[in-house]
Amino acid sequence: MFSTSRPSRRHLLVGGAVGALALAATAVMPTTDAMAATGCAVTYTTNSWQGGFTANVTVKNLGDPVNNWTLGFSFPDGGQRVVQGWSATWQQSGAAVTARSLDYNGALGTGASTTVGFNGSWTGSNPNPTSFTLNGTVCTGGTSTPPPTVTPPPPTTPPPTTPPPPTGTTPVAINGQLRVCGVNLCNQYGRPIQLRGMSTHGLQWFANCYTDTSLNALANDWQADLLRIAMYVQEQGYETNPAAFTNQVNTLVDKAEARGMYALIDFHTLTPGDPTYNLDRAKTFFATVSARNAAKKNVIYEITNEPNGVSWSTIRNYAEQVIPVIRANDPDAVIIVGTRGWSSLGVSDGGNSDEIVNNPVRAENIMYTFHFYAASHKDNYRNEVQRAAARLPLFVTEFGTVTYTGDGAVDTASSNAWLDLLDRLKISYANWTFSDAPEGSAALRPGTCAAGNFTGTSVLTESGAYLRNRIRTPDNFPTS
Ligand code: IDC
């Protein structure tokens, strides 16, 4: 067992005379951290806009390995605040900020670095901090080693500083537990990734489309990274039989996991548009699924599909009540929050993403939903997504190649423009729908699910063939 209260391997490198002295003092074990060599270097970079900024802080440990760490710094200007941090527990008191390591990034070997960050707000001027400490040592870029006075115990193996290499080639095996970093979705190596996949249709209508065979086709033939599980709440959905729908969702989470795909649990509210109408149901549902699936790495929670006819502050209030229910069970999962105007970032209601940037949900590790239907939503929506993507973590949990009715012809030009944009911005997406519904948005031809063969192109509609081609290109996920 490695412990910070013991000197580590580096002490064995001291010279003979010191070693002899140390040997003589073996009896006064244990030693303390005061004996450890310390030193650190910090790189602090920011991106700022009027009133807000994103900071990324890379901390390099130049001293002996540590098992956990606290980074400290002060804002030079009184008007700067940490609003939402990631990859650490952030606290601010006056101008002083601390970031404490989390379980997965606490171990930092000699020479190892890790990156943490936050979104902040500012007034006045916005100078960057210039002095940093790591576990109390000022980061000068050098090392200081007090002479050891005791003999170290036999060397222990320092804990790994990065997750173990993936043992498989599926999206979940490579990327592991996801987390939000800055405006991106990042994998277990802290590198931005894009997930590409498909949404189910309503589980109450199309259960026979989500079988072992169909999900094999999605994972292997389509090479999809993601299955969105659209659990309608109304329209003969969850509210009619909570236990059965919860089970159906959990079963699909397991089937996705078995195939190395991420599972997006969609609490598919649509009519009524006010998510508050379903607040109690949401709390019950998410308490159950988050407790059951907490240990899984493949689960992402989407707490409301398409709020409509309500203000952003109503949605935000809903989110701030549902998110803690999930966090109580599953502290590290990514959670996605719907946005105003059918998850259009407010654009379909004449608004824009400023209302979110100015009033973000007070929770960590969250993203915001954007939906589009390519034949209905074009340049003005694309422009807003591009603008918002610099400031908010976005996830396209649903989109169609057709009109917002879910039907009509595929708009290839607009679909290309959209998916090229999402690829460039590394925004993850799920297409509506992997089903054989008799409508243009469905990927499978009518009758496919009952017939039970899902592989290849002969079972696909125009939209399905288009999406399969887009999704099955190599992901090239970063592996370190
Ligand atoms: C549509 C389905 C359609 C169903 C209708 C009502 O395609 O078969 O009859 O819902 O349940 C959304 C919604 C999504 C809609 C889809 C297309 O999230 O539930 O599905 N759409 O209209 N938002 C914009 C479009």
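From a predicted model like this one, the values you see are computed outputs, not experimental measurements. Both ligands and their constituent atoms are indexed starting at 1 by order of listing.
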Looking at Ile326, Val253, Ile300, Ile335, which hits side chain to side chain contact (heavy atoms under 4.5 Å, CB included) with Ile265? Val253

Any pair with a residue in residues 296-347 that passes disulfide bond (SG atoms under 2.5 Å apart), sequence neighbours left out, goes on the list, sorted by first then second residue, please. none

Start with the C-alpha distance between Trp418 and Phe372, add both sets of side-chain angles, then the distance that settles ring-ring contact (aromatic ring centres under 6.0 Å, His included), and finish with yes or no. CA-CA 9 Å; Trp418 271 115; Phe372 67 87; 4.0 Å; yes

Keeping the roles fixed (side chain from Thr211, backbone from Asn208), state whether a donor-acceptor pair exists under 3.5 Å. no

What distance separates Leu264 CG from Phe395 CZ, expressed to the nearest 0.5 Å? 5.5 Å

Short N or O contacts of ligand 1 with protein, under 3.5 Å, listed by atom name?
residue, atom, partner, partner atom, Å
ligand 1, 7 (O), Trp432, NE1, 3.0
ligand 1, 7 (O), Glu439, OE1, 3.3
ligand 1, 7 (O), Glu439, OE2, 2.7
ligand 1, 8 (O), His201, NE2, 3.1
ligand 1, 8 (O), Glu439, OE1, 2.8
ligand 1, 8 (O), Glu439, OE2, 3.2
ligand 1, 10 (O), Tyr232, OH, 3.1
ligand 1, 11 (O), Tyr232, OH, 2.9
ligand 1, 11 (O), Glu235, OE1, 2.8
ligand 1, 11 (O), Glu235, OE2, 3.2
ligand 1, 18 (O), His268, NE2, 3.4
ligand 1, 18 (O), Asn305, ND2, 3.0
ligand 1, 18 (O), Glu306, OE2, 3.4
ligand 1, 18 (O), Glu398, OE1, 2.9
ligand 1, 18 (O), Glu398, OE2, 2.9
ligand 1, 19 (O), Tyr232, OH, 2.8
ligand 1, 19 (O), His268, NE2, 2.8
ligand 1, 20 (O), Trp432, NE1, 3.2
ligand 1, 21 (N), Tyr373, OH, 3.3
ligand 1, 21 (N), Glu398, OE2, 3.3
ligand 1, 22 (O), Tyr404, O, 2.8
ligand 1, 22 (O), Thr405, O, 3.2
ligand 1, 23 (N), Glu306, OE1, 2.6
ligand 1, 23 (N), Glu306, OE2, 2.7
ligand 1, 23 (N), Glu398, OE2, 3.4

Does Phe399 offer a backbone N or O that forms a donor-acceptor pair with the side chain of Asn431 under 3.5 Å? yes

